[in-house]
Student: 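One structure, pasted below without further comment.
Computed from a prediction, not measured in an experiment: that's the story for all the values here. Throughout, a chain's letter reflects where its sequence line sits, starting with A, and its residues are numbered from 1.
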Amino acid sequence: MKDAYFPQEIEKKWQKIWEEKDVFKTPDNSDKPKYYALSMFPYPSGKLHMGHVRNYTITDVIARFKKMNGYNVLHPMGWDSFGLPAENAAMKHGANPETWTDENIAYMTKQLKMLGLSYDWDREVTTCKPDYYKWTQWLFLQLYKKGLAYKKEAAVNWCEECGTVLANEQVIDGKCWRCDHVVEKKYLSQWFLKITDYAEVLLEDLDKLTGWGDNVKTMQANWIGKSQGAILKFKVVENGLEVPVYTTRPDTVHGITYLVVAPEYKDIEKLTTPENKEAVEAYRANARKMTEIERLSNDRVKTGVPLGTHCINPFTGEKFPLWTADYALVEYGTGAVMAVPAHDTRDFDFAKKYNLPIKVVIIPDTTKDDNGLPYCPTAFLPSLTEAYTEPGVLVNSNEFDGMNNEDAKKAITQKAVDGGFGEFKTQYRLRDWLVSRQRYWGAPIPVVYCDKCGIQPVPEDQLPVLLPKDVDFSVVGKSPITTSKTFINTTCPCCGGPARRETDTMDTFVCSSWYYLRYSDAKNDKMPFSKDKVNKWLPVDQYVGGIEHAILHLLYSRFFTKALRDLGLLDFDEPFKNLLTQGMVLKDGSKMSKSKGNTVDPDEIFENYGADTARLFILSDSPPARDFDWSDAGVEGCYKFLNRVWRLISSNADDISLAYTLPSVLKKENDDMVRLVHIAIKGITNDISNDFQFNTVISKYRELVNAIYDWRGKKTQLDEEDKAVLSFAIVSLIKLMSPVAVHLTEEVWHELGGEGSIHDVDWPEWDENLAKASSITLVVQVNGKVKDKIEADEALSEDELKALALSSEKIKELTEGKTIVKTIVVPKKLVNIVVK
RNA sequence: GCCCUGGUGGCGGAAUCGGUAGACGCGUCGGACUUAAAAUCCGGUUGGAGUUAAAUCCAGUGCCAGUUCAAGUCUGGCCCAGGGCACCA
C-alpha cells in the first residue's frame with residue numbers, strides 16, 4: 001500500500017470499475033424491502049454549483065447507508081431540461097437550444113460521475129427528449145379529458161423581459177421569479193390546470209406529511225390560504241341589482257356603513273349613476289395604469305370614489321352608499337367588500353379619510369370599563385382611534401346583542417341563509433395554475449384549433465407533437481415557434497379540415513411534476529409508467545432539495561399525484577413521504593452567486609483535493625437543513641483528515657487482516673479500544689437514522705481515528721490480540737466511512753485484500769453491552785453544582801453510589817457542619833447532595 | 001400585522017430522557033522535528049478572579065420571571081435575526 005494518499009488516481013480508477021461492473025444498478029425485483037432516495041433533478045445550466053454538490057452528496061450518502069442496511073435502493077438522476085435559459089443562449093449565440101442543452105448535460109454528467117454518486121444511469125430521465133415529453137403531453141390530455149385542463153380568457157401575469165405569461169407562484173413581490181422584471185397584468189386566453197379543485201385535499205393532506213418540516217407545510221398552507229366566512233347579498237336601491245360580498249366577519253354586519261367594489265368589478269358600470277360616471281371612469285383608468293407593485297404597496301394611502309348608488313342592509317334596513325376603491329381586489333372573493341370601519345383597519349382608514357360614518361357593533365367582553373362603569377357603545381366610540389378587531393360581544397345588533405362574536409358569525413350567517421340573502425362559504429387564495437408559455441423550448445401543448453370544431457386534443461396515437469426545427473430564434477415580441485413553416489398548419493382530427501396547432505408550450509413545472517414517477521419505469525414506451533412499478537417504488541422515501549421549491553414544485557407535484565390517482569394511473573396520494581430541505585451554501589456570509597463573485601468551482605476542488613474531500617467537507621460543518629458556510633480552510637482540514645486516515649492504515653497495513661478473530665477476553669486497553677469502536681458504530685448509525693446528522697457523524701469518524709492513533713501510539717509492538725483489535729477497528733472504520741469517502745474506502749478495502757466492493761458489504765453492527773465504557777464517571781453535586789467526579793464500577797447499587805459520594809474528601813469538606821436535607825441518586829451517573 | 005425557523009466561545013457547531021455546557025473541527029497561541037520551510041506530531045484556548053506555577057473560586061447557553069434537588073433543555077412573558085404570507089375583506 002502506498003504511503004501517500006493520491007485521490008485523483010484512485011478516484012478515476014474506481015469510477016471506471018464501478019461503471020464497468022454495474023455496481024449501482026437497481027433491480028426492479030428483489031427480496032429486499034424497497035427504498036427510494038431522490039434528489040431534486042437539476043436544470044442543465046452548464047456546470048454544477050456547490051448547492052448541487054451538497055444536495056446530491058446528502059442523498060447519495062442516504063442511499064448508500066440504506067443499501068448497506070439491506071434495502072433495494074432506487075437512486076436515480078435526470079434533467080429538468082426544458083426552459084428559458086436554453087432559448088436565451090440560443091438567441092445569443094445563434095445555436096440551437098437542444099445543442100446547448102445536450103452539451104450541458106454531457107458536461108454535468110461527467111461532473112456527477114466525478115463526485116462518485118451511486119446513480120443507476122439506466123433510469124436517466126431527460127424532460128426535453130421526445131420519449132419523455134410524449135408522456136407529458138399524454139398526461140396533459142388525460143387532465144384535459146377530465147376537465148382539469150382548460151383554456152380561458154383571464155387577467156394574467158405577463159413578463160415583458162421573458163416574453164411570456166407566468167403562474168401566480170412564479171411572481172415574487174410583483175416581479176418575475178427568473179429575471180426580476182416587473183410583471184404586468186394582461187388579458188389573454190391561456191391554458192390552466194385546475195389545481196383549485198384540489199385546494200381542500202392539498203391542505204388537509206399536509207397533516208399526513210409527518211416527514212416534512214413545518215416550515216414547508218406552513219408555506220403551502222398559507223399559499224392555499226383557506227378562510228371560512230359567508231357570502232352576503234345586498235340589494236341595490238336604485239336598480240334592484242344584487243351585490244354579493246365575501247366576508248369572514250359576518251358578526252359585524254350591523255356595523256356596515258358603506259360597500260366597496262374593485263375598480264375592475266364586472267357590473268361596476270351598472271352600479272354607477274350618470275352623475276358619478278366621469279369620476280368613476282377616471283379612477284378606473286388610473287387603476288389600470290398602476291403596476292401590481294404600486295397597487296399592493298402597503299403604506300399607500302387608500303383612495304376611492306363614490307358610485308352614487310346605495311344598498312340596503314337586510315339586517316338593519318339601513319341604507320348605505322357604494323364606492324369603488326382599489327383596496328378591493330377583483331380576483332379574490334366576489335370582488336366586493338362590505339365595509340365595517342369600526343372593526344376593520346382598512347375600512348377604518350378609508351372611512352376617516354372620506355368622512356364616512358363609523359358604527360361600533362362589538363365591544364370588549366367585559367361588563368365594566370376602566371372607571372368601573374358599564375360599557376356602552378357610545379362611550380366606547382370616542383375612544384376609538386383605530387379599528388377594534390379583537391374578539392368581544394355584540395352591541396347595536398338587534399337580537400344578537402350580548403352574543404359572543406364567534407357565535408354570532410354562525411348565527412348571523414344562518415339568518416342570512418334562512419332569509420335567502422346569504423350562504424356559508426369557504427374561500428381559498430389558491431388560483432388555478434397557468435401552464436401555457438409563449439416560448440419555444442418546452443413541451444408543445446397537444447391541441448389543435450379548427451374553425452368548425454373548436455379546440456381539439458391531438459389523438460394519442462399522434463403523440464408526441466414534436467417541436468419544429470425550422471424556427472427563427474431572433475424574432476422579438478413573439479414565440480419563435482410561430483415562425484415555423486411546418487408546425488402550425490395541420491388538419492383537424494375531428495373533421496379532417498384545415499386547422500392550426502397550439503403554439504404555446506407548457507410551463508417546465510409541468511414536466512417536473514411527474515418525473516419522479518417516470519424513474520420507476522423510465523424506458524416504458526407504451527405508458528408514462530406501469531401502474532405496478534410506480535406503486536412498487538413510490539412514494540419517494542426520502543426527497544432532498546432546496547427550500548426554494550417549498551411552494552412551486554412541491555405543491556404542483558402533490559397536485560399531479562392526486563390528479564393521476566383520480567385518473568386511476570396510480571394508487572397513492574402523496575408523492576414524497578419524507579422531505580429534507582437542505583440549506584444554502586454560503587461563502588463569506590452570503591449565497592454563492594456569479595454576480596457576487598463568491599462562487600467556488602467544484603471542478604477545482606475535485607482536481608486539488610478529490611471528490612472524497614469535497615463530499616466529506618460539504619457534510620461536515622452544518623446539519624443538512626441549515627445554511628452551510630464554505631471555507632477554504634475547512635476543505636483543507638477535511639483533506640488533512642483523509643490523509644490522516646490513509647496514513648493510519650498504510651503505516652499499519654501489514655498488521656491488519658480482514659479475517660481477524662477477536663478473543664473474548666481482552667487486555668484492559670484493548671477492551672477499551674473495542675468498546676470505543678462499538679460506541680462509534682452505535683453513535684454513527686443513530687446520527688444518520690435520526691435526521692441525517694452528518695456533521696456529528698463526521699465528528700465521530702474523527703474521534704474514532706484519534707482514538708485508534710492514541711491506542712496505537714502506546715504500543716511499540718503488536719501481539720496477535722493487538723492485531724485483531726487493530727483490524728477490527730480499521731475494518732469498522734472504513735465500513736462506517738464508506739458512504740462518505742467512497743473512493744478512499746474502496747481502495748483501502750482492496751489493498752487489505754477485500755473482495756468485490758466495499759459498497760456491497762453489510763453495515764457494521766454493535767453490541768449494546770460493549771457500546772459503553774467499562775466503568776462510569778460518577779458526578780457528585782452539592783446543591784446541583786458539580787463538585788467532584790469519581791471513577792466507579794457501573795454495577796454499584798444506589799446506596800453504594802451514595803456512600804461512595806459521601807466518602808469523597810471534597811464532599812466531606814463541603815458538607816461539614818451542614819445538614820444533608822436530601823440525596824438524589826441517578827443510577828450510573830450522578831449523586832446530588834442537598835445541604836442546608 | 002399573521003405564520004414558521006432559529007439565538008450556545010473568535011467562528012461552524014455538539015449536548016437521546018431535564019443530570020459533567022462547549023464534543024468534533026476551523027482559527028489562534030505555545031512547543032517538538034527541520035539548516036529552513038512545508039508536512040507531521042504534542043499541548044493550551046468561554047469570561048473573570050487567583051497563583052511564580054498550580055490548586056481553587058465566581059459568572060456563563062438572547063432578556064425577565066417560574067417549576068425543579070438539578071434548566072441550553074420544561075412553562076409563561078418579552079427582545080433580536082432569517083424566511084414565508086399579506087389592502088385576501
Student: Within less than 4.0 Å of OP1 or OP2 of B:rC69, is there a side-chain N or O belonging to A:Lys822?
Tutor: yes
Student: Would you please indicate if the ring centroids of A:Phe628 and A:Phe617 are separated by under 6.0 Å?
Tutor: yes
Student: Could you tell me the Watson-Crick or G-U partner of B:rG50, where both distances fall under 3.5 Å? Say none if there is no partner.
Tutor: none
Student: With sequence neighbours left out, write down each residue that passes side chain to side chain donor-acceptor pair (under 3.5 Å) with A:Thr696, or none if nothing qualifies.
Tutor: A:Asp687
Student: Ignoring hydrogens and geometry beyond distance, is the side chain of A:Asn832 in donor-acceptor contact with the base of B:rC69 at under 3.5 Å?
Tutor: yes
Student: Between the protein and nucleotides 13-18 of chain B, which nitrogen or oxygen pairs come in under 3.5 angstrom?
Tutor:
| residue | atom | partner | partner atom | Å |
| --- | --- | --- | --- | --- |
| B:rG13 | O3' | A:Asn695 | ND2 | 3.3 |
| B:rA14 | OP1 | A:Asn695 | ND2 | 3.2 |
| B:rA14 | OP2 | A:Arg626 | NH2 | 3.2 |
| B:rA15 | OP1 | A:Gln693 | OE1 | 3.3 |

Student: Want to settle it: does A:Ser699 or A:Gly225 sit nearer the 5' end of RNA chain B, counting the closest nucleotide to each?
Tutor: A:Ser699
Student: Can you check whether A:Arg647 has a side-chain N or O nearer than 4.0 Å to OP1 or OP2 of B:rC41?
Tutor: yes
Student: At 4.0 Å (heavy atoms only), tell me whether A:Val786 reaches a base, stays on the sugar-phosphate, or touches nothing.
Tutor: sugar-phosphate
Student: Taking only side-chain N and O atoms of A:Tyr246, does any of them lie within less than 4.0 angstrom of OP1 or OP2 on B:rC88?
Tutor: no
Student: Counting only side-chain N and O atoms of A:Arg429, is one of them less than 4.0 Å from OP1 or OP2 of B:rA86?
Tutor: yes
Student: Tell me, with the steps shown, if A:Lys682 and A:Glu768 meet salt bridge (Lys or Arg N to Asp or Glu O under 4.0 Å).
Tutor: CA-CA 8 Å; A:Lys682 180 182 177 180; A:Glu768 198 62 53; 2.7 Å; yes
Student: Anything under 3.5 Å between a protein N or O and an N or O of nucleotides 53-62 of chain B, put it in a table, one pair a line.
Tutor:
| residue | atom | partner | partner atom | Å |
| --- | --- | --- | --- | --- |
| B:rA59 | OP2 | A:Lys785 | NZ | 3.4 |

Student: For B:rC88, which nucleotide is its Watson-Crick or G-U wobble mate, given both distances must be under 3.5 Å?
Tutor: none
Student: Are the aromatic rings of A:Phe315 and A:Phe421 close, with centres under 6.0 Å apart?
Tutor: yes
